[in-house]
Q: 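My structure is below; once you've seen it, I'll send some questions.
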Amino acid sequence: MDPVEKIGIINSWVKKHLVLYTGATRHSFILSISDGTIDFSSFKRWLGQDYIFVREFVPFAASVLLKASKNSDDSSDMEVVLSALASLSDEISWFKKEAAKWDVPLSNVIVHKSNQNYCRFLESLTLPEAEYPVVITALWAIETVYQESFSHCLEDGNKTPPELQEACKRWGSEGFGEYCHSLQKIANRCLEKASDEELKKAEVTFLRVLELEIEFWNMSHGGPK
Ligand SMILES: Cc1ncc(CN)c(N)n1
């Protein structure tokens with residue numbers, strides 16, 4: 001087994017919880033994009049629900065920025081989180097454009113239960129008592145599930161439909177991968193210095209993100225309301 005000091009706390013958790021991690025990053029929704037069998041009505045459902053999610057993600061990311069500026073001992077943390085926040089404006093515009101292309105209405109969307117649960121969880125992480133090592137771990141996990149999932153769809157030999165390439169590139173690009181790697185470095189540094197209680201909370205939060213991501217994919221794939 002690799003020592004934690006060598007691979008970092010985050011990778012040690014990924015290894016420890018590999019089944020759940022793989023469930024989130026190689027979900028059947030993603031596999032159906034990569035093998036070209038996706039039912040476009042699933043993609044459209046995902047699009048409408050993710051637009052709602054991303055709007056709720058903005059205040060969460062802003063709260064992480066606030067905590068980075070107050071609690072971090074490294075000023076570059078704030079720049080990494082700020083770049084994420086800045087790109088969300090572009091992401092919201094992309095969702096609007098994509099929804100128009102696919103004829104997906106974005107007003108009066110009925111928010112699915114799984115999405116509601118995820119948004120409520122994000123809201124709980126904006127509270128002042130949610131510690132910086134915990135929320136930066138959550139931010140890393142949320143972004144990384146999308147990065148690992150969509151980058152898989154872009155791998156050579158996969159049969160991702162051309163209509164979905166652009167969506168995959170949003171999160172599967174090298175640039176997004178570098179941003180996730182920066183978040184991982186920040187999270188590892190914070191976790192190394194965290195108390196035992198914070199460490200436990202961050203690990204539980206990581207697992208909760210994986211579960212919520214799986215439920216989000218299930219919903220997109222046509223799960224019950
Ligand atoms: C459900 C979900 N998880 C993650 C991401 C990437 N920000 C997203 N857009 N939606």
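For ligands, and for the atoms within them, numbers begin at 1 and follow the listed sequence.
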Q: Using distance alone, determine whether Glu213 and ligand 1 share an N or O pair under 3.5 Å.
A: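 Right, the criterion is met.
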Q: Output all residues satisfying side-chain hydrogen bond (donor to acceptor under 3.5 Å, both in side chains) with Asn11, sequence neighbours left out; order by chain, then residue number.
A: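 Testing Asn11 for side-chain hydrogen bond (donor to acceptor under 3.5 Å, both in side chains), a comparison that skips the adjacent residues, returns Gln184.
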Q: Hey, would you say the Trp46 and Phe216 ring centroids sit under 6.0 Å apart?
A: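 Here the rings of Phe216 and Trp46 have centres that are no less than 6.0 Å from each other.
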Q: Are any of the side-chain nitrogens in Lys201 or Asp196 under 4.0 Å away from the carboxylate oxygens of its partner?
A: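 Looking at Asp196 together with Lys201, the answer is no, because their closest N to O distance does not fall below 4.0 Å.
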Q: Please verify the inter-ring angle class for Tyr118 with Phe53; under 30° counts as parallel, over 60° as perpendicular, anything in between as tilted.
A: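 It falls in the tilted class, 30° to 60°.
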Q: May I ask you to identify the nearest protein heavy atom to atom 9 (N) of ligand 1, giving residue, atom name and distance to one decimal place in Å?
A: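 Closest protein heavy atom to atom 9 (N) of ligand 1: Asp50 OD2, 3.0 Å.
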Q: Taking 4.0 Å as the limit for heavy-atom contacts, which would you say applies to Ile142 with ligand 1: side chain only, backbone only, both, or neither?
A: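 The answer is both, backbone and side chain.
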Q: Which heavy atom of the protein is the closest neighbour of atom 7 (N) of ligand 1, given with residue, atom name and distance?
A: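 Heavy-atom neighbour on the protein nearest atom 7 (N) of ligand 1: Glu143 OE1, 2.7 Å.
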Q: Residue-level breakdown please: for Val54 versus ligand 1, do any non-hydrogen atoms fall below 4.0 Å on the side chain, on the backbone, on both, or on neither?
A: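 The answer is the side chain of Val54.
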Q: Provide, to 0.1 Å, the distance between atom 8 (C) of ligand 1 and the closest protein heavy atom, together with that atom's residue and name.
A: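 Nearest protein contact, heavy atoms only, for atom 8 (C) of ligand 1 is Tyr146 CE2, 3.2 Å.
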Q: I'd like to know if Glu203 and Lys16 make a salt bridge, using a cut-off of under 4.0 Å between side-chain N and carboxylate O.
A: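 Yes, Glu203 and Lys16 are salt-bridged.
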